[in-house]
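As the structure is a computational prediction, the values presented were derived from the model and not from experiment.
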Amino acid sequence: MCEKSGNHFGKDVLQTEQTKNTDGNFDHVEISECRDTNTVCNTRLYRRRWLIVLLFSSYSLCNAFQWIQYGIINNIFMKFYNVSSFAIDWLSMIYMLTYIPFIFPVTWLLERKGLRVIALFAASINCVGTWIKVASVQPNLFWITMLGQFACSFAQVFILGMPSQVASVWFGSDEVSTACAIGVFGNQLGIAIGFLIPPILVPNVDDMNELAQHISIMFYITAAVASLIFLLVVFVFQEKPEIPPSLSQVALRDMPTTQYSYLASIARLFCNKPFILLLISYGLNVGCFYAVSTLLNRMIIEHYPGEEVNAGRIGLTLVIAGVVGSLLCGIWLDKTKTYKFFMTGYLPLGFEFAVELTYPESEGTSSGLLNCSAQMFGIAFTIIQGKIIDHFSTLAGNIFLCVFLFIGSIMTALIKSDLRRQKANSQPQTEVIADSSVHPQDGKSLKEVKM
C-alpha cells in the first residue's frame, strides 16, 4: 500500500510500487510522474524519510539537553565548582557564542559534502563532549567541564540549522513543514528534558562527595545516550533519497554545481528585504527565549530558595507549550501556507518561512543565518537581563524582554509573504528549472553573479 494516494502536483499520473534500496531493504514509496509537453519527471517519497528525521531529532535532543543542564541548577554548580553565577551562565552562552563564527564554514561544508557528513560530525563531536564532561567531576576542574561544553556547543553548529534541510531533501512539498517541525521538536524536547531531569538527578546537598556522585551519574547517562546515537548515525543515516521527493528538489539537483557560489548566495540573501525582516524578528523572539531559559534558575531561586525542581518544571512547561505550537504550526502550514500569522512554534515557522522567501538558495544557509541572529541576540539579552535582575529586579528584567518581543511581533507582521518554493512546486518542471537558474530579484543567472 502507498502511504498516501493523492497527487502532489496535480499532474497526469500517480503510481505506487515497492522498490528495493541499494542496501537491500525494501522501502514503500510514492511515485509521482509529472508530464507536460516537453518533459517527464519522477518524484518519490520513501518510508525511510521518517527514520532519517527521527534520527536527526534524536541527536539534536541529546545536544540540546546539554545546553541547559547547567543553567537550570545554576546555584548547585556554583557551589560545586566554587565559581560565580555569571561563570555558570557562560556554560549556556558558550552554545550561542560558538555558533556565530563557525556557522559559515559549516554551511559551506554542508553545500560541499551533504547531510551525512554533517550528521557524522554532529553526532561524533557531541559524543566526545559528553565523555570530556565525565572527566570533569571534581571541584577544581571547572575548565574541563567548560571544554566539554565547548565541544558540545561546536556540535550544535552542525545541528541547529538542519531541520529545514532534512525536510526539503527527504519530504514532499505538502509535508515539509511538518517534517521541519519534527526536526525542531527534537531540539525542544531536549531542552524540556534538560529543564526536568538535572534537578532530579542532582539534588542540592551539602556533602561535596555525594554531590559529585550525583553529577557523575548525570554525565555518564548523557555520554551513554550520545554514544548510542552516534553508532546509529554511522550505520543508518543516509545522504539523500535516490529520487527527489518534490519538483523543487528535482530542479535543484538539475542545476549545475558550477553555478553555485556560497558567497554570492549570502550576498543575495542580504539583498532580500523580507528575509532581513525575518532575520531580525526571529533573532529577537528566539533570543528572548534563550535568555529566559538561561536565567530561569536565578529568577526562581531568588524568590523561592530550594525550589530547583519546581524551577525545572516551570522551564518544562515553557518548552512543552512551544513543542505543541511547533507541531500544530507545522501541520497547519502544510495545509494553508499562512506563515506570518503564527507567533507560537516560532522555530520551525522561521526556518520554513525563510526557505520560502529565499528559494532557490540553500536551506542550510538561510537557517544558519537565522540561528546566527538568534545567538547574537541571545548573548546580548542574557547578559543585559542578568545585570538588570542583579541591580533592579526580576520584573524589570522581564519587562525589558517584553519590549523586544513586541518589536519582533510588529516586524513579523510587516514581512511580505512571497512563497517562492510553493510557486516552484506548482509549476511544470521545465519552468522550475528555468526559474532556479535565474535569480528572481535581479534577473541575473547564478553563473553571472558567481564570486
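You'll find the side chain of Leu109 reaches within 4.5 Å of the side chain of Lys113, heavy atoms only. Counting heavy atoms from C-beta on, the side chains of Leu370 and Phe275 come closer than 4.5 Å. Contact check for Thr382 versus Met96: side-chain heavy atoms found under the 4.5 Å cut-off. In this structure, Ile132 and Phe150 have side chains that are not in contact, with every pair of non-hydrogen atoms separated by 4.5 Å or more. Here the side chains of Ile407 and Leu284 are in contact, with some heavy-atom distance below 4.5 Å. Taking the side chain as every heavy atom from C-beta outward, Phe56 and Asn187 never approach each other to under 4.5 Å.
Between the CD1 atom in Ile68 and the CD1 atom in Ile193 there is a gap of 13.5 Å [rounded to 0.5 Å]. Atom CD1 of Ile384 is separated from atom CG of Leu401 by 9.5 Å, given to the nearest 0.5 angstrom. Rounding to the nearest 0.5 Å places CG of Leu120 at 11.0 Å from CG of Leu115. With rounding to the nearest 0.5 Å, the separation of CD in Gln149 from CD in Gln66 is 6.5 Å. Within the model, atoms CG of Asn74 and CD1 of Ile88 stand 6.0 Å from one another, a figure rounded to the nearest 0.5 Å. In this structure, NZ in Lys387 is found 13.5 Å from CZ in Phe400, a value given to the nearest 0.5 Å.
Formation of a donor-acceptor pair under 3.5 Å by the Ser60 side chain with backbone atoms of Gly186 is not found in this model. Remark: the backbone N or O of Phe195 is not paired with any side-chain donor or acceptor of Arg313 at under 3.5 angstrom.
Counting heavy atoms of neighbouring residues, nucleotides and ligands inside a 6.0 Å radius, atom CZ of Phe121 does not exceed 12 of them. Other residues, nucleotides and ligands contribute over 12 non-hydrogen atoms within 6.0 Å of the NE2 atom of His303. Remark: Glu302 CD is packed, more than 12 non-hydrogen atoms of other residues, nucleotides or ligands lying under 6.0 Å away. Other residues, nucleotides and ligands contribute more than 12 heavy atoms inside 6.0 Å of the CG atom of Asp390.
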query = Could you walk me through whether Ile314 and Leu296 pass the side chain to side chain contact (heavy atoms under 4.5 Å, CB included) check?
reply = CA-CA 9 Å; Ile314 292 172; Leu296 183 61; 4.2 Å; yes

query = Taking it one step at a time, do Phe230 and Val234 satisfy side chain to side chain contact (heavy atoms under 4.5 Å, CB included)?
reply = CA-CA 6 Å; Phe230 169 65; Val234 170; 3.7 Å; yes

ask   = What's the verdict on side chain to side chain contact (heavy atoms under 4.5 Å, CB included) for Phe289 and Ile191, showing C-alpha distance, side-chain angles and the deciding distance?
value = CA-CA 11 Å; Phe289 168 72; Ile191 296 172; 4.0 Å; yes

query = Do Leu277 and Lys273 pass the side chain to side chain contact (heavy atoms under 4.5 Å, CB included) test, and can you show the C-alpha distance, the side-chain angles, and the key distance before you say yes or no?
reply = CA-CA 6 Å; Leu277 281 174; Lys273 292 181 180 179; over 6 Å; no

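Taking both residues in full, the closest heavy atoms of Leu141 and Ser136 are given as CB-O, 3.8 Å, listed atom of the first, atom of the second, then distance. Between Val202 and Ile76, the closest heavy-atom pair is O-CD1, 3.3 Å. Residues Cys152 and Tyr95 share a closest heavy-atom pair of CB-OH, 3.3 Å. Closest heavy-atom contact between Met299 and Val292: CE-O, 3.8 Å. Residues Arg298 and Gly386 come closest through the heavy atom pair NH2-O, 3.6 Å. Minimum interatomic distance between Gly183 and Val53 (heavy atoms only, all atoms of both residues): N-CG2, 4.1 Å.
Aromatic ring orientation, Phe154 versus Phe158: perpendicular (interplanar angle above 60°, classes split at 30° and 60°). Below 30°, between 30° and 60°, or above 60°: for Tyr290 and Trp67 the angle between ring planes is above 60°, a perpendicular geometry. The aromatic rings of Phe381 and Phe404 sit tilted, their planes meeting at an angle between 30° and 60°. Note on ring orientation: taking the six-membered ring where Trp is involved, the planes of Phe86 and Trp90 are perpendicular (angle over 60°, cut-offs 30° and 60°).
For the salt bridge (charged side-chain N to carboxylate O under 4.0 Å, His left out) condition, the pairs that include at least one residue of residues 65-84, sequence neighbours left out, are Lys79-Asp206.
Taking the six-membered ring where the residue is Trp, the centroids of Phe102 and Tyr99 are separated by 6.0 Å or more.
Side-chain atoms of Gln156 and Asn126 form no donor-acceptor pair, as typed in the model, at a separation below 3.5 Å.
Between Phe142 and the options Tyr70, Phe77, Tyr81, Phe80, a ring pair (Phe, Tyr, Trp, His ring centres under 6.0 Å) holds for only Tyr81. Each of Ile72, Leu316, Leu201, Val309 was evaluated against Leu196; a single residue qualifies, Leu316, per the side chain to side chain contact (heavy atoms under 4.5 Å, CB included) test.
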Tabulate below the donor-acceptor pairs under 3.5 Å that side-chain atoms of residues 216-229 make, not counting sequence neighbours, or state none.
| unit_1 | atom_1 | unit_2 | atom_2 | d |
| --- | --- | --- | --- | --- |
| Thr222 | OG1 | Met218 | O | 2.9 |
| Ser227 | OG | Trp131 | NE1 | 2.9 |
| Ser227 | OG | Ala223 | O | 2.8 |

